[in-house]
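On a predicted model such as this, the values are computed, not experimentally measured, just so you know.
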Amino acid sequence: MKHITIKNALGGNGANETILIRGWVRTRRDSKDFSFLAINDGSCLANIQVIVDQGIPGSEDIQQATTGASVEINGKLVESPGKGQAWEVTAESMTVLGSADESYPLQKKGHSPEFLREIAHLRPRSNLFGCVFRTRSRLAYAIHQFFQERGFYYIHTPIITASDCEGAGEMFRVTTLDGKAMEADPDGATDFFGKPTHLTVSGQLEGETFACALSNIYTFGPTFRAENSHTTRHASEFWMIEPEMAFCDLVADMTLAEEMVNYLIRDTLEHSAEDLGLFGKFVDKELISRLESVIEKPFERISYTTAIELLANSGQDFEHPVEWGVNLQTEHERFLTEQHFKGPVTVHDYPKSIKPFYMRSNDDGKTVAAMDLLVPGIGEIAGGSQREERLDVLLENMAAHDISSEDYAWYADLRRYGSVPHAGFGLGFERMLMFVTGVANIRDVIPFPRTPGNAEF
RNA sequence: UCCUGCGUAGCUCAGCGGUAGAGCGGGUGGCUGUUAACCACUAGGUCGUUGGUUCGAAUCCAACCGCAGGAGCCA
């Protein structure tokens, strides 16, 4: 007997043959002499309809085939006489592998994402979350494909790091010391690594070392931030993609980021079409048209200075004042992407004072070669910069940011030996997934979300 | 960390000072090539917790807990 996924069976593979399918019951409708089962195995969004005639082997257990139960069906894949599906299975035998009693929390009706979040171990069995996580898988694959096609090498940067001041937020301490021992040893001399260590907030600095050797590299891995933020866009554990390119300036960096976002949208539209259909129907009615408009329309590019002028002259009544030198607030980003340009915008050349030490100083002495890629609905989806490749300027910046030149001697060495202009950016994987699915909360695009006060499962 | 809103049946919610309700889901029965099926019957709740106001509190007030949204920070 040939086991076949429901996705393949619905595609007509194994037509008019006896096949074996396995999955979980979504609904059962009983008739006098037979029952309809809707079976889902997660291989695709759609269920397959199975007809279980009274009297076939296993049909005496049909009452056990309730919503949530797992079953194995031997049967013939035939064209369906009914409306609503092209193919169905006429069962020759049925086995209930695992029953599910009336306490099974997923019902035939739709559930709110908030309720499903409380049962994160069962929510992948819902339509919405099945679609999200199939799309997540495909998006991860597309990211590798994008870089591999362009000759980038995939680098695994460390998860545990002793670099503790990358300016990217609060860090989680990694230690084998207990509370008292840690208090007695603030320098971590007796700790596992002989110094204080943390979970990485970015692989960028390590990524730069490999770009200055293999030319074009990217990282794609988990990232940890101990910020106490309660928003729909922040998680304590998330995944980030960080390309880094040697012999590269800010303009080429922006181009790569824009091409990447475009590529990922195209890939999703092409390869996750069925799942996207559900998002377009139940999550965000304008999703598909928005994604299509993004890939048709070139990205807007404006300098930070121009953006400030534009905001100041917009006539909008912003809660936060608009003035040169301050960070763009959420309301400012929203105005730019959702009202003014109605699409993604890349903002570049930010004031030096609001950006980290490693960004390259521009000749005007006031700005750095930084860029943020903003998209409607989410805000910043990627941020990057050209890196400071001049040793003396870098050392000055480190001193100005109070960063130990001893701890970062290895980083400065990249400028001491064969320094080259280089640039890169970080793209939040979940934010990209939110953008292509329309799902509004980051907690609903991560299998088991970690947020302040929540590390269940 | 700050601001706002919401906690009533398994789920979604109504009730907003006077005997706890609906739809869906569950159970039972019926009917039907059905398709989030349909019809009938039925079980199910210390109204988040604690305290206060009141003759009387799900309803008004306070604190706490939980959840959600917004801000900041960022990806």
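Interface remark: the H111(A) side chain does not form any donor-acceptor pair with the C11(B) base, using a distance-only criterion of under 3.5 Å. One donor-acceptor pair, N or O on each side, does fall under 3.5 Å between the base of A75(B) and the side chain of R225(A). With hydrogens and angles left out, the side chain of E319(A) and the base of G72(B) share no donor-acceptor pair within 3.5 Å.
Taking every side-chain heavy atom of Q107(A) into account, C11(B) is the closest of G33(B), C11(B), A71(B). With distances taken from any side-chain atom of Q85(A) to the nucleotides A75(B), A68(B), G33(B), the minimum falls on G33(B). For E114(A), whose side chain is taken as the heavy atoms from C-beta onward, the closest listed nucleotide among C74(B), G72(B), A68(B) is A68(B). For K32(A), taking side-chain heavy atoms from C-beta onward, the closest of the listed nucleotides G33(B), U32(B), A37(B) is U32(B). The side chain of T27(A) has A37(B) as its nearest neighbour among G33(B), A37(B), C74(B). With distances taken from any side-chain atom of Q49(A) to the nucleotides A68(B), G33(B), A75(B), the minimum falls on G33(B). Closest contact between the side chain of T232(A) and the listed nucleotides G69(B), A75(B), U1(B) involves G69(B). Candidate nucleotides A75(B), C73(B), U34(B) were compared by shortest atom distance to the side chain of E227(A), and C73(B) ranks first. If you check G33(B), A75(B), U12(B) against the side chain of E88(A), the one that comes closest is G33(B).
As the counterpart of A40(B), U28(B) is assigned, both hydrogen-bonding distances of the Watson-Crick or G-U wobble pattern falling under 3.5 Å. A 3.5 Å limit on both hydrogen-bonding distances identifies C67(B) as the Watson-Crick or G-U partner of G5(B). Applying the Watson-Crick and G-U wobble criteria (two distances, each under 3.5 Å), G33(B) pairs with nothing in any strand. Nucleotide C60(B): paired with G52(B) (Watson-Crick or G-U wobble, both distances less than 3.5 Å). With a cut-off of 3.5 Å on both pairing distances, the Watson-Crick or G-U wobble partner of C13(B) is G21(B).
Within a 6.0 Å radius of CZ in F318(A), more than 12 heavy atoms belonging to other residues, nucleotides or ligands are found. More than 12 heavy atoms of other residues, nucleotides or ligands lie within 6.0 Å of OH in Y154(A), so this atom counts as buried by the packing criterion.
Looking at heavy-atom distances under 4.0 Å, R443(A) makes contact with sugar-phosphate atoms alone, never a base. The residue N47(A) sits apart from the nucleic acid: no heavy atom pair falls under 4.0 Å. At the heavy-atom level, A382(A) lies under 4.0 Å from the strands shown only through sugar-phosphate atoms. Using a 4.0 Å heavy-atom criterion, one finds that I442(A) contacts the bases of the nucleic acid, with or without backbone contacts as well. Among the heavy atoms of the strands, none lies under 4.0 Å from P105(A).
Here the separation of C47(B) from A57(B), taken at their P atoms, is 12 Å to the nearest Å. Nucleotides G15(B) and C6(B) place their P atoms 12 Å apart, quoted to the nearest Å. With P as the reference atom, G25(B) and G66(B) are 34 Å apart, rounded to whole Å. Here, C24(B) and A63(B) have their C1' atoms 36 Å apart, quoted to the whole Å. Rounded to a whole angstrom, the distance from the C1' atom of U28(B) to that of C60(B) is 44 Å. Separation of the P atoms belonging to A68(B) and U12(B) is 13 Å when rounded to the nearest angstrom. For the C1' atoms, the distance linking G29(B) with G56(B) amounts to 43 Å, nearest Å. Distance noted for atom P between C38(B) and G72(B): 47 Å (whole Å).
Per the geometry, CZ belonging to R29(A) stands 15 Å off C1' belonging to C31(B), to the nearest Å. With rounding to whole Å, H332(A) atom NE2 is found 12 Å from A71(B) atom P. Rounding to whole angstrom units, NE2 of residue H230(A) and P of C67(B) are separated by 8 Å. Distance CG (D30(A)) to P (C39(B)): 17 Å, rounded to an integer number of Å. Here the C1' atom of nucleotide G33(B) and the CD atom of Q54(A) are 15 Å apart, to the nearest Å. Between I446(A) atom CD1 and A75(B) atom C1' the separation is 11 Å, expressed in whole Å. Rounded to whole Å, atom P of A36(B) lies 13 Å from atom CG of L45(A). Going from atom CZ of F224(A) over to atom P of C74(B) covers 20 Å, rounded to whole Å.
Both E102(A) and N454(A) lie near RNA chain B, and the one whose nearest nucleotide falls closer to the 5' end is E102(A).
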Could you please spell out the steps behind the side-chain contact (heavy atoms from CB on, under 4.5 Å) verdict for F220(A) and M240(A)?
-> CA-CA 6 Å; F220(A) 184 7; M240(A) 188 156 66; over 6 Å; no

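A close approach under 4.0 Å does not occur between any side-chain nitrogen or oxygen of R233(A) and OP1 or OP2 of G72(B). Remark: S112(A) is in phosphate contact with U12(B), judged by side-chain N or O atoms under 4.0 Å from OP1 or OP2. The phosphate of A68(B) has OP1 or OP2 within less than 4.0 Å of a side-chain N or O from R117(A).
Under the 6.0 Å cut-off for aromatic ring centres, Y304(A) and H348(A) do not qualify, their centroids lying 6.0 Å or more apart. Separation of the F172(A) and H198(A) ring centroids does not fall under the 6.0 Å cut-off. For H144(A) and Y218(A), the ring centers sit closer than 6.0 Å to each other.
In this structure, P447(A) and A120(A) approach most closely via the heavy-atom pair O-CB, 4.1 Å.
Between the side-chain ring of F36(A) and the base of G33(B), no stacking contact exists by the 5.5 Å and 30° definition.
With F129(A) as the aromatic partner, R125(A) does not meet the cation-pi criteria of under 6.0 angstrom to the ring centre and within 45 degrees of the ring axis. Both tests do not hold together for R138(A) against F133(A): distance to the six-membered ring centre under 6.0 Å, angle to the ring axis within 45°.
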